[in-house]
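Here is the structure we will look at, set down as structure tokens.
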Amino acid sequence: MPTESPITPLARALAREASAVAGTPDAAAALEPPANAEFGDLATNVAMTLAKAAKRNPREIADDLVTRLPDADGLAGYIASAEVAGPGFINLTLSPRWFADAARAIAEAGDDYGRGQADPPERILIEFVSANPTGPPHVGHARQAAYGDSLARILDYSGHAVTREFYVNDWGRQMELFGASVAARYGQLLGLATEVPEDGYQGDYVRGIAERLREEVGDDYADRVDPPDAEALAVFALRGKDLMLAEMTAVLARFRVRFDDFFSETTLHEGGMVARGLEALIASGDAYEHEGALWFRTTDYGDEKDRVLRRSDGSTTYLAADVAYHLDKAGRGDARLLDVLGADHHGYIARLRAVIAAGGHDPDMLEVPIVQLVSLVEGGEAKKMSKRAGTLVTLSDLIDDIGVDAARFFLVQRSHETAFDLDLDVARAEGNENPVYYVQYAHARIAGILAQQPGAPADAGPPDALDPAERALLLTLAGWPEAVHEAERRRSPHRVAAYLMDLARDFHAFYHRCRVVGEAPAVMALRLDLLRATRQVIATGLGLVGVEAPDRM
RNA sequence: GCGCCAGUAGCUCAGUCGGAUAGAGCGUCGGUCUACGAAACCGAAGGUCACAGGUUCGAAUCCUGUCUGGCGCGCCA
């Protein structure tokens with residue numbers, strides 16, 4: 001069963017009392033730890049937000065409220081003190097009993113603490129990475145993969161029904177070029193003087209593809225690649241693509257990224273869906289002929305200019321396939337479509353929304369999170385990456401270099417809306433300068449203690465007093481459901497990473513101030529619950545961003 | 001020129017339904033291991049939140065304008 005934050009019941013009780021005092025039906029009560037811990041455990045601005053509606057001085061409302069709170073339903077026994085401060089803030093200090101009850105509740109909720117908060121739960125189709133199957137995924141794809149996969153995990157954890165899809169651009173001129181490039185490398189393996197086309201794929205990985213292809217077909221195509229015939233090229237393109245895609249899937253799996261579906265663009269063309277999509281747009285008046293080409297009237301939906309669907313030579317554009325693809329996606333029964341795109345595709349958003357709208361759907365069902373660029377820094381300088389020069393850093397290279405945990409944590413730690421520099425020297429470090437170990441170390445430390453101390457004393461009751469570090473740690477633990485909820489609502493996995501850094505910091509501070517083993521039963525019981533709760537939340541949180549939570553390091 | 005994203009500590013970045021003295025990691029300086037893991041902790045230095053106006057009890061946060069940076073603006077994908 002999903003379990004809410006232990007602060008939530010307090011907030012509900014507070015809102016009820018505040019409404020009663022102010023005489024207003026609904027009180028919006030923010031109840032959160034204050035900026036400065038000296039003010040108490042929790043603070044609320046409810047008196048100030050109610051002041052206008054109630055036409056009363058906020059301090060006056062606050063004064064009335066603090067006299068009622070300690071005895072109110074749901075609060076009795078939990079409020080150690082309530083004071084009015086500043087313009088009308090109410091500062092609360094909570095009793096040891098509340099901390100003990102809260103720690104126990106979180107510890108016992110296990111992996112369900114923070115789960116299932118989607119409001120409302122929806123069927124969501126998330127498409128991400130969708131790298132061209134003509135080459136290995138690079139660092140930019142790595143960021144999109146880390147973002148998309150983490151987001152999918154968070155959406156799923158929050159109660160949405162998530163499908164993860166990879167759109168395969170396996171059609172058109174680029175595939176022909178890829179086939180020709182593979183064919184040329186295959187010819188070279190047989191000692192022929194075949195050359196990769198000028199505008200083809202020059203990367204070394206094409207040799208690898210050709211080698212594996214040769215293992216499949218042997219020398220059967222020896223006399224058909226110099227010069228190549230059309231049928232041979234088609235075979236090289238198709239099999240090359242399959243091999244490339246298999247390799248891509250394997251690397252992504254290594255990166256702990258999985259997909260439910262791989263949707264082939266070719267099936268849209270061969271199945272007639274592209275043609276039917278264009279006909280539908282013509283029928284609805286959303287497409288028109290001009291100078292021999294077919295245009296999509298995307299300006300009707302807010303785009304800057306209309307876009308070509310079918311060129312004057314009769315061939316269809318990339319957009320035509322995307323019309324078919326998005327009409328298909330929109331008709332599958334999902335409430336929401338998420339297209340995760342790179343920053344260089346942001347100009348495409350208006351077009352995609354136009355497709356959805358022209359298909360008779362609510363354009364707001366489509367969300368397009370844009371993942372900004374990531375650049376690599378090494379030795380204090382930007383690492384130059386060039387596809388042509390072969391200095392592109394692939395996802396595989398990145399994993400080999402800094403490891404999956406560091407790569408995923410770094411890539412998801414920053415907001416997807418911000419371009420950032422990934423410092424390889426820091427990410428590579430296995431020591432204290434690497435943030436991912438800061439979080440993992442907290443988990444391993446707790447595992448070590450709990451391994452020696454199996455159970456808490458039963459019925460120990462709350463301790464007489466609390467250490468400030470205990471208060472801070474529990475209040476941060478109480479913030480976990482809100483952190484996940486925010487990550488889900490804002491499509492921002494980096495909120496989870498930021499939360500984990502905060503939690504790890506509070507735990508390490510707690511650890512240094514508070515011993516667990518050998519303390520009085522009531523103290524030890526609370527601290528063991530804090531350890532169990534912290535360990536669980538770290539494990540859950542790291543799991544949501546695809547990072548392991550080791551028991552030993 | 002138009003559009004999207006950004007501009008917060010020496011560096012990389014959090015902070016975005018407006019709240020009290022703006023935070024973290026790294027880096028710098030100084031401390032802490034004879035009790036549960038020092039990959040840790042404690043303390044210090046370090047900020048005109050790009051700039052200028054506006055909204056209000058209150059603005060890093062909302063509005064307007066300016067400047068700077070990244071990306072985009074094809075009958076390419």
Side-chain angles (χ1 to χ4, degrees), chain A residues 28 30 32 34-36 38-39 43-45 48-49 51-52 58 85-89 91 132 134 169 171-174 265 290-295 303-305 307-319 321-322 342-350 368 370-373 375 377 380 410 413-423 425-426 429-442 444-453 469 486 489-490 492 494-495 497-499 501-502 504-505 507-519 527 531 552-553:
Chain A
E32 310 170 322
N36 189 333
E38 287 171 20
F39 291 135
T44 178
N45 61 356
M48 289 182 285
T49 60
K52 264 178 199 163
F89 289 104
N91 295 325
N132 284 338
T134 53
N169 300 124
W171 202 81
R173 174 151 174 78
Q174 55 167 0
E265 180 183 353
H290 177 65
E291 293 179 351
L294 183 69
W295 296 72
D303 200 3
E304 302 166 1
K305 57 177 95 164
R307 311 287 173 174
V308 172
L309 291 162
R310 193 175 58 222
R311 303 183 187 93
S312 43
D313 70 1
S315 63
T316 53
T317 61
Y318 181 82
L319 176 60
D322 250 344
D344 54 345
H345 282 68
H346 73 250
Y348 212 67
I349 298 174
V368 188
I370 294 295
V371 179
Q372 295 294 325
L373 296 182
S375 29
V377 174
F410 268 83
Q413 202 182 4
R414 272 71 218 238
S415 163
H416 62 282
E417 294 179 309
T418 305
F420 85 104
D421 297 330
L422 173 58
D423 189 330
D425 299 316
V426 173
E430 293 191 3
N432 54 2
E433 54 206 274
N434 196 328
V436 69
Y437 297 113
Y438 187 76
V439 178
Q440 290 182 318
Y441 182 56
R445 256 185 163 174
I446 297 171
I449 300 169
L450 290 178
Q452 303 168 31
Q453 190 65 36
E486 194 183 344
R489 276 188 293 108
R490 288 173 50 187
S492 296
H494 78 278
R495 292 307 310 151
Y499 172 85
M501 289 296 287
D502 287 345
R505 176 175 41 75
F507 166 72
H508 286 307
F510 160 82
Y511 175 85
H512 278 271
R513 286 180 61 95
C514 303
R515 291 197 55 76
V516 179
V517 179
E519 294 292 322
R527 292 181 180 173
L531 290 184
R552 265 185 293 183
M553 295 174 65

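Here is how names work: the chains are called A, B, and so on, in the same order as the sequence lines, proteins then strands, and each is numbered from 1. All values reported here derive from a predicted model rather than from experimental measurement.
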NA contact type, [X], heavy-atom cut-off 4.0 Å: base, sugar-phosphate, or nothing?
| X | answer |
| --- | --- |
| D344(A) | sugar-phosphate |
| A293(A) | base |
| S415(A) | sugar-phosphate |
| N169(A) | nothing |
| A444(A) | base |
| E291(A) | base |
| N132(A) | sugar-phosphate |
| N91(A) | base |
| F89(A) | base |
| A43(A) | base |
| R490(A) | sugar-phosphate |

Side-chain donor or acceptor of [X] paired with backbone N/O of [Y] under 3.5 Å:
| X | Y | value |
| --- | --- | --- |
| N132(A) | T134(A) | no |
| R311(A) | T316(A) | yes |
| T418(A) | F420(A) | no |
| H508(A) | R505(A) | no |

Check whether any side-chain nitrogen or oxygen of R495(A) sits under 4.0 Å from OP1 or OP2 of G15(B), and answer yes or no.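 Result: yes.
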Side-chain N or O of K305(A) closer than 4.0 Å to phosphate OP1/OP2 of G74(B):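 Looking at the OP1 and OP2 atoms of G74(B), one of them is under 4.0 Å from a side-chain N or O of K305(A).
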Is any N or O donor-acceptor pair between the side chain of [X] and the base of [N] shorter than 3.5 Å?
| X | N | result |
| --- | --- | --- |
| T418(A) | C13(B) | no |
| H346(A) | G3(B) | yes |
| N45(A) | G19(B) | yes |

Who pairs with [N] - Watson-Crick or G-U, where each distance is under 3.5 Å:
| N | result |
| --- | --- |
| U28(B) | A44(B) |
| C49(B) | none |
| C4(B) | G70(B) |
| C62(B) | G54(B) |
| C13(B) | G23(B) |

Specify the separation, in whole Å, of atom CG of D425(A) and atom C1' of G27(B).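 In whole Å, G27(B) C1' lies 13 Å from D425(A) CG.
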Whether H290(A) and W295(A) hold their rings parallel, tilted or perpendicular, with breakpoints at 30° and 60°: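 The arrangement is perpendicular - the two ring planes meet at more than 60°.
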Chi-based syn or anti call at C33(B), which uses purine or pyrimidine torsion atoms and a 90° bound: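 You should classify C33(B) as syn.
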Polar pairs (N or O, both sides) under 3.5 Å between protein and nucleotides 42-44 of chain B?
none

Using atom P of each nucleotide, how far apart are U56(B) and U8(B) to the nearest Å?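 My reading of the P atoms in U56(B) and U8(B) gives 29 Å.
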For nucleotides C49(B) and G7(B), find the distance between their C1' atoms and express it as a whole number of Å.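 Per the computed distance, 10 Å lies between those C1' atoms.
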Let me know, please, whether H508(A) or G448(A) comes out on the 5' side of the other along RNA chain B by nearest nucleotide.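 Of the two residues, G448(A) wins.
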